[in-house]
Amino acid sequence: MQGSWNYRTLVAGGLANAMLPLLRRIYAGDPVRLEAAVSRHLEPFNAHPYLCAMAVTALARLEATEVSPEKITRFRTALRAPLGAVGDELVWAGWRPFCALLAIVLFALEGSPWVATLFFLLLYNVGHVYLRGWAFWRGWSAGFDVGRALQEAPWNGATRWLTVLNAFLVGAAVVLVAWRTPATALLRWEVVLALVAAAAVGYVRPGLGERVAATLLIAAPVLLLLLGG
Amino acid sequence: MSELDVSVGLWAVLVVVGAALGLDAASWPQVMISRPIVAATIGGALLGDASSGFLVGAILELLGLGHMPYGAAVYPETGPAGLVAGAGLAASGDSGLGPLLLAVACGWIIGWVGAATVRLQRRINGYLVASLAAAAPYRLERRHRMAMTIDALRAGALTAAFAVPVMILVKLVSRLPTGGAALSVASAVLLVAVALAGGVGVRVMGGRRTAPLLFGAGGAAAALLILLTG
């Protein structure tokens with residue numbers, strides 16, 4: 001879907017490309033209307049890549065039922081915000097970190113990199129494939145009612161729980177990774193206090209936290225080399 | 001090269017895997033083999049130490065928690081970076097702190113170099129796809145495929161450019177003497193960076209008022225678990 005993502009039309013190239021098999025069937029034997037439909041869907045568009053499947057089938061259904069091009073364009077514009085916001089919050093900020101953090105905790109406790117990696121890939125992709133499939137079929141059945149379909153989605157309560165669980169898991173993962181790091185200084189009280197203070201700074205001032213973390217990351221090996229000799 | 005025990009064949013395998021990981025991040029199929037915990041484990045495994053690879057990947061994963069791929073956001077590219085970092089540490093044959101720190105730092109830097117190449121690629125995609133005004137379907141399909149091919153080549157080239165230099169660098173560092181105090185200071189600095197990134201991650205993932213408490217509870221639970229299990 002995002003194979004041709006660009007700053008001018010965003011994910012529109014992928015959306016139009018994904019719609020092509022359906023559009024070819026809808027406008028079979030009418031190349032002029034087919035090209036017009038493709039051009040319509042090459043206009044700027046953005047959404048979460050997994051939920052784009054919902055746009056693909058909902059828009060194709062409107063094309064199939066001969067809704068006017070103006071209405072299709074307006075509906076297409078209206079789809080952008082919800083499909084982007086819902087997917088970003090659910091997948092990028094919720095499901096993906098949840099699966100990765102669980103895998104990190106599993107590795108720290110169990111010790112096998114392969115068990116943790118396969119656990120991550122299997123768990124994540126169960127949700128991933130389910131979401132793409134749900135979006136594809138629900139988009140077709142909903143048509144104009146995509147907004148209601150999103151409101152009634154079976155995973156709606158999950159986002160809140162994922163946020164809660166992720167906050168807990170980040171704390172656990174930071175400590176467990178520190179424990180797994182060789183020559184760890186974790187057991188010194190001043191280091192524990194520094195970790196708590198650092199996490200607080202990162203939470204309160206995320207911009208500053210990011211910059212300081214990157215600087216420290218580069219400084220750590222340099223410090224080791226300078227002090228190590 | 002011979003001391004590193006990296007053949008041209010293994011380098012080529014790394015490049016092909018790097019291309020596939022780069023493609024996975026955004027183009028296809030987005031099954032998240034491009035995440036650091038997977039990419040670095042693969043890199044480590046190819047050089048004989050999957051466990052070290054996973055540890056590098058876990059640290060990179062925590063450091064990247066605050067970078068979300070929302071819209072046109074710029075974020076470190078994790079696939080080739082994780083692969084090279086994991087391979088670099090495994091190739092050194094030393095899972096000590098010095099090589100680990102350097103592998104993680106290299107992974108982070110390569111991630112941002114990758115981000116710059118992704119930005120360039122997205123501009124090229126603009127010329128390829130956004131310039132299609134009257135869109136014959138076959139032209140769209142061809143250009144979409146071309147954009148994906150460029151993405152894979154870009155990620156492969158990134159891996160090709162960094163794989164061997166990072167392995168040599170990490171190997172060199174593994175041979176340098178490091179004292180006890182230096183190890184403690186450097187590991188503390190790394191842990192502070194990870195804790196900072198964790199705090200940023202909790203905030204970016206949608207921190208509520210209870211999030212700091214939950215973060216602390218998670219840390220305390222893990223610490224208790226470590227104390228109980230030894």
Side-chain angles (χ1 to χ4, degrees), chain A residues 2-9 13 16-17 20 35 38-39 42 88 92-93 97 100 103-104 107 113 117 120 124-125 163 166-172 174-185 191 194-195 198-199 202-203 206 209-210 212-213 216-218 220-221 223-224 227-228, chain B residues 26-27 31-32 37-38 41 50-51 54 58 61 66 68-70 96-98 101-102 105 108 122 125-126 129-130 135 137 140 144 147-148 178-179 182-203 205-206 211-212 214-215 218-219 221-223 226:
Chain A
Q2 292 184 308
S4 56
W5 201 101
N6 64 83
Y7 294 113
R8 287 157 70 182
T9 61
N17 187 63
L20 266 179
E35 284 195 19
V38 172
S39 293
L42 277 171
D88 286 348
W92 296 152
I104 291 171
F107 169 73
T117 304
F120 166 72
Y124 178 80
N125 284 302
T163 308
N166 282 346
F168 182 87
L169 284 172
V170 174
V174 167
V175 171
L176 289 171
V177 164
W179 177 49
R180 278 274 177 177
T181 303
T184 186
V191 174
L195 293 189
Y203 182 79
E210 264 178 25
V212 176
L216 291 177
L217 190 65
I218 308 302
L223 268 174
L224 184 65
L227 300 175
Chain B
S27 291
V31 292
M32 296 304 135
I37 51 171
V38 182
T41 305
S51 203
F54 192 98
E61 191 79 51
M68 298 289 170
Y70 297 157
L97 185 68
L101 289 175
L102 192 64
W108 191 247
R122 289 176 165 184
N125 288 349
V129 178
L140 171 63
H144 191 75
M148 289 172 67
T178 46
L183 286 175
S184 291
V185 171
S187 72
V189 170
L190 173 72
L191 298 184
V192 167
V194 171
L196 268 167
V200 174
V202 170
R203 177 68 178 265
M205 285 188 290
L214 289 162
F215 179 89
I226 292 168

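Naming convention: chains lettered A, B, ... in sequence-line order (proteins, then strands); numbering from 1 in each chain.
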Point to revise | Shortest non-hydrogen separation from Leu196(B) to Ala198(A) and the atoms involved | key: CD2-O, 3.2 Å

**Study point:** Minimum heavy-atom distance between Ala220(A) and Ala186(B), given as atom pair plus value
**Key:** O-CB, 3.8 Å

Check your understanding: Counting distance only, does the side-chain N/O of Asn125(A) pair as donor-acceptor with the main-chain N or O of Val31(B) below 3.5 Å?
Key -> yes

Exercise for review: Flag the one option from Leu169(A), Thr9(A), Asp88(A) with the top tally of heavy-atom pairs under 4.5 Å to chain B.
Suggested key: Asp88(A)

Practice item. Examine whether an atom of Tyr7(A) lies under 4.5 Å from a heavy atom of chain B, and if so say whether it belongs to the side chain, the backbone or both; otherwise answer neither. Key: both

Check your understanding: Can you find a heavy atom in the side chain of Gln2(A) that is under 4.5 Å from one in the side chain of Ser27(B)?
Key -> no

**Study point:** Which atoms of Ala58(B) approach chain A - backbone, side chain, both or neither, heavy atom under 4.5 Å
**Key:** both

Point to revise | Pick from Ala221(B), Ala147(B), Ala26(B), Gly201(B) with the largest number of heavy-atom pairs that fall under 4.5 Å of chain A | key: Ala26(B)

Review point. Going by heavy atoms in the side chains, are Val194(B) and Leu195(A) under 4.5 Å from each other?
Key: no

Point to revise | Phe107(A) side, atom CZ; Thr41(B) side, atom OG1 - distance, nearest 0.5 Å | key: 7.5 Å

Exercise for review: Rounded to the nearest 0.5 Å, what's the gap from CZ on Arg180(A) to CD1 on Ile226(B)? Could you check?
Suggested key: 10.0 Å

Review point. How long is the span from the OG1 atom in Thr181(A) to the CG atom in Leu183(B), to the nearest 0.5 Å?
Key: 12.5 Å

Check your understanding: Which atom pair, heavy atoms only, marks the closest approach of Tyr203(A) to Arg203(B)?
Key -> O-NH1, 2.6 Å

Check your understanding: Between CG of Leu216(A) and CG of Leu191(B), what distance do you get to the nearest 0.5 Å?
Key -> 11.0 Å

Point to revise | Top contributor to chain B interface from Leu20(A), Leu223(A), Ile218(A) [non-hydrogen pairs under 4.5 Å] | key: Leu20(A)

Exercise for review: Please report the closest heavy-atom contact between Ser4(A) and His144(B), naming both atoms and the distance.
Suggested key: OG-ND1, 2.8 Å

Check your understanding: What heavy-atom pair brings Ala167(A) and Ala211(B) nearest, and what distance separates the two atoms?
Key -> CB-O, 3.9 Å

Check your understanding: Which region of Leu217(A), side chain (C-beta onward) or backbone (N, CA, C, O), has a non-hydrogen atom less than 4.5 Å from a non-hydrogen atom of chain B, or is it both or neither?
Key -> both

**Study point:** Which portion of Met68(B) sits near chain A, non-hydrogen atoms under 4.5 angstrom
**Key:** side chain

Check your understanding: Who are the ring-ring contact (aromatic ring centres under 6.0 Å, His included) partners of Phe215(B), not counting sequence neighbours?
Key -> none

Exercise for review: Might you point out which heavy atoms bring Thr163(A) and Met205(B) nearest each other, and give the distance in Å?
Suggested key: CG2-O, 3.9 Å

Check your understanding: Going from CZ on Arg8(A) to CZ on Arg122(B), what distance comes out if it is rounded to the nearest 0.5 angstrom?
Key -> 15.5 Å

Exercise for review: Go through the structure and list residues passing side chain to side chain contact (heavy atoms under 4.5 Å, CB included) with Val200(B), not counting sequence neighbours.
Suggested key: Pro206(A), Glu210(A), Val204(B)

